[in-house]
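Here is the structure we will look at, set down as structure tokens.
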Amino acid sequence: TGNKIVVDKKIAYFIGVLHSDGYIYLFNDEKRKRKQLRLGLQIGEKSIPMALEFKNILFNYFGKRVNLRKKPKQNSYVIQTSINKLASIFQKWNNYLPNEIIKNKDIFCAYLAGLIDGDGHIKIKNNTKDRLVPQCVIRIASDHELKEVKKLIKKHLNAEVHFYKDKRSKTVETCFYIS
């Protein structure tokens, strides 16, 4: 694998999942006496299909074989792998959105699907009895305002977006409606 990966819909989805439930960390490998940069994904049971897609993309695009394993005494599952050789790619994706996601509606929507699968919630609005097509509210939870995501939802989906700050959980929800 070279250091240039084409950002298609699968990679955009992968980046969305990385931005929601994924994380990059430095692992101190005491057995080999070295530090490793690692990629992790920790999810609940309902997100297993998302994690399996993440796992397939890791294999098909990066040649990484990983296992999805249940954490002992917890109701969560985890994927972890070393990414030393791919560090520049993953660190770049961890910090900003590639141009393909910003510019292309279909690729942005794949990224948004990954974000929603990770930290999102979709609910049919109650006032749908007079509508032919039900309206859904989509909320994406984060620890900060997703300002760039808001801008791109407005641009690509022509939807109004607002932020809702939950004072108890200290999260910010990015909220928008679609039909």
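When reading the values below, keep in mind they use all heavy atoms of this one structure, side chains included, and skip hydrogens, waters and symmetry mates.
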Check whether any side-chain heavy atom of Y111 sits under 4.5 Å from a side-chain heavy atom of L115, and report yes or no. yes
Measure the spacing between CG of D117 and CD1 of I122 and express it to the nearest 0.5 Å. 7.5 Å
Tabulate below the donor-acceptor pairs under 3.5 Å that side-chain atoms of residues 32-39 make, not counting sequence neighbours, or state none.
| from | atom 1 | to | atom 2 | distance (Å) |
| --- | --- | --- | --- | --- |
| R32 | NH1 | D29 | OD2 | 2.9 |

Compare all side-chain heavy atoms of S20 with those of I116 and state whether any distance is below 4.5 angstrom. no
Going hydrophobic residue to hydrophobic residue with side-chain gaps under 4.5 angstrom, can you get from I101 over to Y61? yes
At what distance, to the nearest 0.5 angstrom, does CD1 of I140 lie from CZ of F163? 10.0 Å
Y23 and Y25 aromatic ring geometry - parallel, tilted or perpendicular at 30°/60° bounds: tilted
Heavy-atom check, side chain of E173 versus side chain of H121, under 4.5 Å: no
Heavy-atom count check: over 12 atoms from other residues, nucleotides or ligands less than 6.0 Å from K155 NZ? yes
Between M50 and Y13, is any pair of side-chain heavy atoms under 4.5 Å apart? yes
Can you find a pair of side-chain heavy atoms, one from I153 and one from F108, that are under 4.5 Å apart? yes
Same apolar cluster (I L V M F W Y, side chains within < 4.5 Å links), V137/I124: no
Please indicate whether D166 has more than 12 foreign heavy atoms, meaning atoms of other residues, nucleotides or ligands, lying under 6.0 Å from its CG. yes
More than 12 non-hydrogen atoms from neighbouring residues, nucleotides or ligands closer than 6.0 Å to CD on E30, yes or no? no
Does any part of the side chain of I11, heavy atoms only, come nearer than 4.5 Å to the side chain of V6, both counted from C-beta? no
Taking C-beta and beyond as the side chain, do V149 and F176 meet within less than 4.5 Å on heavy atoms? no
Given the rule that I, L, V, M, F, W and Y join up when any side-chain heavy atoms are under 4.5 Å apart, are L97 and V172 in one cluster? no
Kindly give the heavy-atom pair with the smallest separation between A51 and I43, and that separation in Å. CB-CD1, 3.8 Å
Under 4.5 Å between side-chain heavy atoms, counting indirect links through other Ile/Leu/Val/Met/Phe/Trp/Tyr residues: same cluster for L68 and I83 or not? yes
Kindly compute the distance separating OG1 (T81) from CG (L41), expressed to the nearest 0.5 Å. 12.0 Å
Quick check for you: to the nearest 0.5 Å, what is the distance between Y96 atom OH and I102 atom CD1? 8.5 Å
What salt bridge (charged side-chain N to carboxylate O under 4.0 Å, His left out) pairs are there with at least one residue in residues 40-69, not counting sequence neighbours? K10-E53
Does the side chain of L112 come within less than 4.5 Å of L152's, by heavy atoms? no
So which atom in L157 and which in C109 form the shortest heavy-atom distance, rounded to 0.1 Å? CD2-SG, 3.7 Å
V161-I178 co-clustered via ILVMFWY side chain contacts under 4.5 Å: yes
Has the side chain of H19 got a donor or acceptor atom that lies under 3.5 Å from a matching backbone atom of W93? yes
Return yes if some donor-acceptor pair links the side-chain N/O of N104 with the main-chain N/O of E100 below 3.5 Å, else return no. no
Distance in Å, Q42 CD paired with S76 OG, rounded so as to fall on 0.5 Å steps: 4.0 Å
Gap separating the OH atom of Y177 from the NZ atom of K123, nearest 0.5 angstrom: 9.0 Å
Kindly say whether the aromatic ring centers of F14 and F54 come within a distance under 6.0 Å. yes
